[in-house]
Amino acid sequence: MNILLIGAGGREHALAWKMRQSPLCGTLFAAPGNAGICAEAECVDLDIDDFAAVIDFCKRNDVKLVVVGPEAPLVAGMADALGEAGIAVFGPSQAAARLEGSKSFTKDICRRYDIPTAEYAVFEDEATALAHLRKVGAPIVVKADGLAAGKGVVVADDMETAEAAIRDIFGGAFGAAGAKVVLEEKMEGEEASFFALCDGVNVLPLTGAQDHKRAYDGDEGPNTGGMGAYTPAPVLDEPQQALVMERIIRPTVRAMAEMGHPYSGVLYAGLMMTEEGPKLVEYNVRFGDPECQPLMMRLRTDLVELMQATVERDLAGGAADWSRQAALTVVMAAKGYPGAYEKGSVISGVEQAEEDPRVKVFHAGTALNGDGALIAAGGRVLNITALGEDIADAQQRAYAAVEKIDWPEGFCRTDIGWRALQRLRQDGA
Ligand code: AMP
Ligand code: GLY
């Protein structure tokens with residue numbers, strides 16, 4: 001079966017690498033891809049916002065399955081357009097992608113189906129939102145309703161910060177994404193991610209992971225797309241995963257089906273592990289990046305088979321098999337990220353880093369220059385990923401591989417996995 005993969009990040013490189021291991025995978029195309037993906041797949045110059053062009057490409061190249069990595073094409077309706085043309089898409093419809101595209105949509109489902117999450121209220125004008133804020137006080141979390149590239153959330157510990165955030169959003173800082181503001185109770189606890197495959201009706205649990213969102217060591221500095229991740233997540237053990245399935249994932253999938261928008265694809269629950277149990281922070285309608293990279297290292301089941309079962313509504317009774325080992329990813333980013341950074345610096349040492357058979361370097365923002373040398377072409381650039389006996393061993397292998405990368409213009413955090421190691425030490429003590 002020929003497959004087209006949409007995306008250009010480390011997540012998509014990991015998906016391409018894993019799909020290529022499947023005997024079901026015929027020619028794998030990628031649009032737009034990156035220097036690493038192009039080693040696994042045939043990268044094609046295709047305008048992915050032009051659904052008619054994507055459909056035409058699929059028909060001409062006998063593509064039977066399109067796998068969408070990022071959320072934006074799904075929120076824009078790619079699965080609907082391709083589905084109408086008879087092409088199967090791994091990823092939800094536009095209506096179902098509202099689980100990520102609209103925070104108020106998701107919160108309203110939580111309320112109706114009694115899914116544990118932070119208390120909230122939704123506002124369509126500044127004066128009413130400010131009046132509510134004065135009534136409930138800080139700390140409080142202020143969110144733009146729509147997609148804001150991860151920047152539309154302010155956890156405000158005082159009134160001034162909360163007021164400024166509300167004014168910013170209604171002032172147009174996030175365009176249409178800020179037409180509504182959600183004010184939420186601040187939850188306390190450790191964050192974790194849980195992933196499940198859904199075929200509209202049936203749900204197949206995958207597993208848990210944790211990422212590090214802040215740019216610098218000690219979880220300090222600005223928020224980023226994610227500077228590292230690992231799986232399994234010690235805070236999300238088997239009993240906690242079962243709770244997440246029963247209280248959060250299954251009711252959501254039931255809600256979507258009952259509303260006439262059955263959810264198909266991977267559902268990523270961002271969770272807060274509170275004293276009262278796991279609560280939903282947000283949904284994403286795609287794999288996490290970088291969480292996907294260590295997940296793919298541990299996945300033993302054929303990924304194409306799982307994706308096919310998802311699009312064919314055949315997940316009932318299925319299960320995914322995971323290596324008992326741990327996997328950990330260290331993100332190498334261009335100096336300056338998540339602020340301004342330079343592109344074009346040359347990177348070497350990737351092959352040396354991969355001399356350890358349990359290390360894989362997934363590319364994010366990379367390209368080849370005119371001489372065929374690997375260069376940085378984005379903010380997050382490389383994902384050094386290692387399997388190990390446990391988190392500590394995976395961490396040690398990943399950082400040993402980082403040492404072999406020669407890229408003076410890049411940086412990484414030196415403490416990916418610290419929270420897991422601290423918890424494991426406490427539990428062992
Ligand atoms: P979101 O885009 O909704 O995932 O929010 C981004 C980040 O803000 C989350 O990963 C949390 O760290 C934090 N956050 C969001 N909502 C809450 C909440 N209700 N309580 C505490 N932290 C939150
Ligand atoms: N790593 C966070 C995300 O993919 O949204």
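Fair warning: this is a prediction, and the values are worked out from it, not measured in the lab. For ligands, and for the atoms within them, numbers begin at 1 and follow the listed sequence.
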- Determine, considering heavy atoms only, which of Glu119, Met272, Lys143, Met187 sits nearest to atom 3 (O) of ligand 1. Lys143
- Any Ser193 heavy atom less than 4.0 Å from ligand 2: no
- Item | Test of proximity, Arg11 against ligand 2: N or O pairs below 3.5 Å | no
- Which of the atoms in ligand 1, numbered in the order shown and given with their element, are less than 4.0 Å from a heavy-atom of Lys186? 20 (N), 21 (C)
- Does Glu188 have a non-hydrogen atom less than 4.0 Å from ligand 1? no
- Please confirm whether Glu282 comes within less than 3.5 Å of ligand 1 when only nitrogen or oxygen atoms on both sides are compared. yes
- Message: Distance under 4.0 Å to a non-hydrogen atom of Ala118: what atoms of ligand 1 satisfy this?
- Response: 19 (N)
- In ligand 2, which numbered atoms sit nearer than 4.0 Å to a non-hydrogen atom of Asp211? 1 (N), 2 (C)
- Query: Looking at Tyr230, is Arg298 sitting on its ring face, NZ or CZ under 6.0 Å from the six-membered ring centre and within 45 degrees of the normal?
  - Reply: no
- Below 4.0 angstrom from a heavy atom of Arg286, which ligand 2 atoms are there? Numbered from 1 as shown, please. 3 (C), 4 (O), 5 (O)
- Note on the structure: Tightest non-hydrogen contact, residues Leu295 and Gly208, listed as CD2-O, 4.2 Å
- Going by the order shown, which atoms of ligand 1 are within less than 4.0 Å of some heavy atom of Glu185? 18 (C), 19 (N), 20 (N)
- Any nitrogen or oxygen of Lys213, main chain or side chain, under 3.5 Å from a nitrogen or oxygen of ligand 2? no
- Quick one: which ligand 1 atoms are inside 4.0 Å of a heavy atom on Lys213? 10 (O)
